[in-house]
Each structure stands twice: as structure tokens, then as C-alpha cells.
Amino acid sequence: MTSPRRTFAIISHPDAGKTTLTEKLLVAGGAIHLAGEVKARGANRRARSDWMKIEQQRGISVTSSVMTFERDGITFNLLDTPGHEDFSEDTYRTLTAVDSAVMVIDAARGIEAQTRKLFEVCRLRSVPIITFVNKVDREGRPVFELLDEIADILALDVAPMSWPIGMGGEFEGVLDLETGGVSRPEGDSRNFQGKVDTDVTLPERFAEEVELAQAGYAPFDAEAYRNGDLTPVYFGSALKDFGVAELIDALARHAPPPRPQPAEPAPIAPNADEVTGFVFKVQANMDPNHRDRIAFMRLCSGTFKRGMKLTPTGHGKPIAVHSPILFFAQNREVADEAFPGDIIGIPNHGTLRVGDTLSERADIRFTGLPNFAPEILRRVALKDPTKTKQLRKALDDMAEEGVTQVFYPEIGSNWIVGVVGQLQLEVLISRLEAEYKVAAGLEPAPFDTARWVTGEAADLKAFADLNRGAMAKDRDGNPVFLAKSAWEIGYVADRYPKVRFNATRER
Ligand code: G4P
């Protein structure tokens, strides 16, 4: 018997409390499996410590992991999105592999830059979002103000599901708007949630607030939530473990199970017999001596069994998946099967790439896993000119993994790398050195951003001929226009209406 799945991610701005909440969720579920730990077994320690070095220096987690826990008969797959200042395509792509997201907001700060960016990605795919307003044990902004901000900035309907009875020093608990019960802090440090008080008379001030709220905001509407048009809002404190159980219950009750996934020629329903999935992340370098990688596949349909043969659509022979990494809750004994919504780690030697579809029959292809136009471009300066070949191999490999993008200009030999976040540049340089023994530096590039150009062959040629100095090819040989500024893109787009300048590209 398979238990229902909830595959989700947490999105937030740094410091909102994602790590704390993740921990509390895992404790509540009672089982932890970290991707990094699984892979580190038997792997070269040094490689691991190279990664750790960056992680420690920056105080962030470079790698996304998959964590699984079970509660009340439901299996939750939590995909971690790195929550540092800048983010990589990894972060975006992880969001393509989830069915819903939890948006954590600091009650004192409201919607912040990163929350908003990540939210936009969720919206692109209509990922339903449950909002958790965190840190109500501290002084926060007025609740109405927070709710209105979510509604205004994100253009979403908000449906408060609970209500904090005071915040900070006056915090008296969280009222469940559906049942009317209040869970109150208990103990000397008021550090944990006591039993739920069902027979409550609220102080007048709060009774009025709640009445206003119930009149002023949309009631919860499951369909609007699942379409990504409405967000139910819960209040709590991850640190004090307040409202966390309610959040899990909300995921169990409202968050969608695996949904049909967009694919060609037709969407794939989770109950289809054929085993299908797509790769949303590739992680390498746990052992620099072996070019082993782990491709993280989200299973979209069928029952995966260890040893099964899957074929990457469009390229490659069938791969027998003998030693998949299955991220299961600790108390599951049989880890030989996986079900739609689960994540499987597939060791391979570079055959599998981000965006690949894997299936038994190889006649479908999942869509909507884009590459994003880089926001930072740098010229790669090789310190030892005899290492050109190694450099090219390294840049290609990392482009395949989705760590960085690479552009080979049509004129000249200044290879350009592109990233969506600064951190990726650091990862690039340290991996060039550690894994490929290539010493390289990064210099400013004369370009600011890039666009994939598409259109009729003749129109493209006419455009490329006149802009040769700004044309390049990406890892897969697709034509790319390197622009000096966002303004320039607008300018050329006006002048060449038949050419499309795309900020994303699907493989
Ligand atoms: P992040 O992953 O989103 O970046 O946030 P993280 O969980 O690391 O939390 C950031 C800070 O906010 C931490 O404090 C954490 O303890 C605190 N925090 C998280 N949830 C709550 C909450 O519900 N209430 C209160 N009052 N604080 C909360 P720090 O001082 O930066 O770190 P630490 O030394 O406490 O670990």
C-alpha cells in the first residue's frame, strides 16, 4: 500500500526561519534522511570538505537536499531550496519538482526580496502556496498590515486560517479560526505549546480583530488555493514549536498530491502505469577521481523498482537503475520502490542532465524545465594556457549540471560564463581547481546579460551577421545574443521584430 505523497519546498528570505522550521518539521515527522549524508558514504572526504569549505565560509548550504518524513500515514518529501542571498538555477529548478510550497515570512519583516523572487517562480507553474507567518513570539507588524502586504505585493487572495493572540511579550497563543480553539504557550519559558483551549473568551480587542478579519478576507477556498490564486495563512513560531503541527496538518489536508505533469505529446497523470520522471538537479564532485554524478529525478508516474531500466528521451541508451538513492523515512523498511512524488537519486557518469525525461518507453518529454538567462556574466581567464582543453571540458560539465552556463563567442576566444547568483561563481572557481586542476580567474565581461535568439533561419542569419561581435553559442550550440544592457535588448528587439529574444530556454 502506498501512502499519499506531499512533495513540497519551503521558500523564504534568509533569516525568516526556514532552517528552524525544517528542523521542527523533521522532528515532528521523526525521520531524517539528508541527501548529502547518503552520498558521503564511502565518498572521498576531501571532496566533501571542499564543498563544506564554501558552505562554512558563507554560512550557507550550497547543496539542496531531499528530506522525507511521515506523519499520520502521509509521506512528506521536503525538497530544500538553498536560502542564501543569491540563488542559483538549482533553486528555481527545485521548484519545478514540487507540488506545493510553504512560504515562510518573518512577522516583523513581511514580504522580502527573495521571497518575492521565489514566489514568482512558483507562480510561473501555478504552485499552490501555504503561508506561514513566523516569529509571532516576538514583536511583529500588525497582522492586518502583513496580510494586506501579501495580498498586494503578490497579487494573491489571502485567507487567514489562524490568528495570533498578541505578539512578543503579549503573545498568548494562536487561535484556530476554524475550530475556535486556542493553543497557548506553557511552561516557565513559555517555550512549548500547551493543550488546546477550546472554551475561550477572547479579550475584546482580539475578538474585534478576529471579527474584522473574518469579514474582510476571503474564506479558504480549496480550488483557488490549488490553482495558485489564494494562499491560506497560518501564524506561529518555528523556534518555539508553535503552529508547526498545524502547518503539517494543513499540508496533509490541503496541499495537492502529485499532479499531472506538463509533457509532450500530453500531460502525464500520476496514475499512469509507465514509470516516468524528470531530472531537476544534478550534483557532482563528491569524488573528484570519479566523474560520478547523482541525478535527482522526480518520479511522475508508475511504481519505480530497483534495477528497472529507464531511457532518457531524445538521447542515450536505457540505463539500468541498480543503485538508486531512495530518500525514505527511517521507519520504512523496504526501500526498493518509489512512487509518484518521490525523489530518486540516480548515480551516473554524466549521461543524465538537468531537464532530461526518463521513462520506460522513451516516447514522452516533460516540459517547463527552463534554463534562465544569466544575470551575471564573466570572462574566464585561464592562468595556464596549456589547460584550454581541460577548461572547456570543465565548463561544459558544469553547464550540463546547471551550475553555471557557458557561452562561446563567435569571435575571439574569451569564453564567458553566466550565472544567476554570485555564489555560483565561487563554486565554479573552487571546483575548477579541485576537480579539474585548472587555475582560472574571472574578469568583467563586456556584457551584462544574454538572450537565446529564435526565429526563421533567414531572419536569424540576418541578425547574427550584423551583430557578430555579440553572438555566441551555449553548451548545446544554440545561438545566444550577449547584450551590454537590458536597454540594448529592448533596442534590438524593436529593430528586429522577427527575432525572438528569450530569457529562458527549454532543453
Ligand atoms: P533561515 O534558514 O530562513 O535563514 O533562518 P533560520 O532558521 O536560520 O533562523 C534565523 C534566525 O531566526 C535564527 O536566529 C533563529 O533562531 C531565529 N528564529 C527562527 N524562528 C524563530 C521564531 O519563531 N521566533 C524567534 N524569536 N526567532 C526565530 P539567530 O540568532 O540568527 O540564530 P541562532 O543563533 O538562534 O541559531
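One-based numbering, in listed order, for ligands and for the atoms of each. Bear in mind the structure is a predicted one, so any value in this text is a computation, not a measurement.
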**Request:** Measure the spacing between OG1 of Thr357 and CZ of Phe366 and express it to the nearest 0.5 Å.
**Result:** 6.0 Å
**Request:** Would you please name every residue forming a side chain to side chain donor-acceptor pair (under 3.5 Å) with Thr115, sequence neighbours left out?
**Result:** none
**Request:** Using distance alone, decide if ligand 1 has a nitrogen or oxygen within less than 3.5 Å of any nitrogen or oxygen in Gly17.
**Result:** yes
**Message:** Using a 3.5 Å cut-off on N or O atoms only, is Ala238 in polar contact with ligand 1?
**Reply:** yes
**Request:** Number the atoms of ligand 1 from 1 as they appear, then name those within less than 4.0 Å of a heavy atom of Pro14, with their elements.
**Result:** 4 (O)
**side chain to side chain donor-acceptor pair (under 3.5 Å) partners for Arg378, two or more places apart** = none
**Fill in**
dist Asp106:CG -> Arg138:CZ (nearest 0.5 Å) comes out at 6.0 Å
**Prompt:** If you count the atoms of ligand 1 from 1 in the order shown, which ones are under 4.0 Å from a heavy atom of Lys18?
**Reply:** 1 (P), 2 (O), 3 (O), 5 (O), 7 (O)
**Prompt:** Looking only at side chains, do Tyr436 and Asp397 share a donor and an acceptor under 3.5 Å apart?
**Reply:** yes
**Request:** Taking only heavy atoms of Ser237 into account, list the atoms of ligand 1 that are under 4.0 Å away from them.
**Result:** 22 (C), 23 (O), 24 (N)
**Prompt:** What about the rings of Phe76 and Phe69, do their centers lie closer together than 6.0 Å?
**Reply:** yes
**Request:** Would you mind finding which of Ile10, Asp106, Asp15, Thr20 brings a heavy atom closest to atom 15 (C) of ligand 1?
**Result:** Thr20
**Request:** Determine whether any heavy atom of Lys240 lies closer than 4.0 Å to an atom of ligand 1.
**Result:** no
